[in-house]
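Throughout, numbering of the chain's residues begins at 1 and tracks the sequence.
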Amino acid sequence: MAVQSTPVDKQAGLVGGLMYFMGRIDRAAPGLDYAEELARLIRTKDGEAKVRAAAPRCGTILQERGTSMQRWGGALREAGRK
């Protein structure tokens, strides 16, 4: 599992990213059987390549969300000072 091979100081971010994308999937495909879908993906000849190809795009999405959260935090701090 990717989390187990990830340095301890990076695991929380990896789990948070996983939960973010699971939420997106749950909204788009309620009731999806994750185990079956992952097994299906693994069985395809280019499944690993598809996952690797999606990684940069997913990373960009997570960076954008992280930047937004920092901006929201700053705005909330400023609002609390007024």
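Note on M22 and V15: same hydrophobic cluster, where clusters join Ile, Leu, Val, Met, Phe, Trp and Tyr whose side-chain heavy atoms are under 4.5 Å apart, directly or indirectly. Both M19 and I25 belong to a common hydrophobic cluster when Ile, Leu, Val, Met, Phe, Trp and Tyr are linked at side-chain heavy-atom distances under 4.5 angstrom.
The structure places NZ of K50 at 10.0 Å from NZ of K45, a figure rounded to the nearest 0.5 Å. L62 CG to M69 CE: the interatomic distance, rounded to the nearest 0.5 Å, is 10.5 Å. A distance of 4.5 Å separates CZ in F21 from CD1 in I61, rounded to the nearest 0.5 Å. In this structure, CG in L41 is found 9.5 Å from CD in E48, a value given to the nearest 0.5 Å.
Side-chain contact between Y34 and D26 is present, with at least one heavy-atom pair separated by less than 4.5 Å.
Looking at residues two or more places apart in sequence or on another chain, you find no side-chain contact (heavy atoms from CB on, under 4.5 Å) involving R27. Residues satisfying the side-chain contact (heavy atoms from CB on, under 4.5 Å) criterion with S68, sequence neighbours excluded, are R71, W72.
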Tell me, with the steps shown, if R43 and E36 meet salt bridge (charged side-chain N to carboxylate O under 4.0 Å, His left out).
-> CA-CA 11 Å; R43 287 190 302 265; E36 177 57 34; 3.3 Å; yes
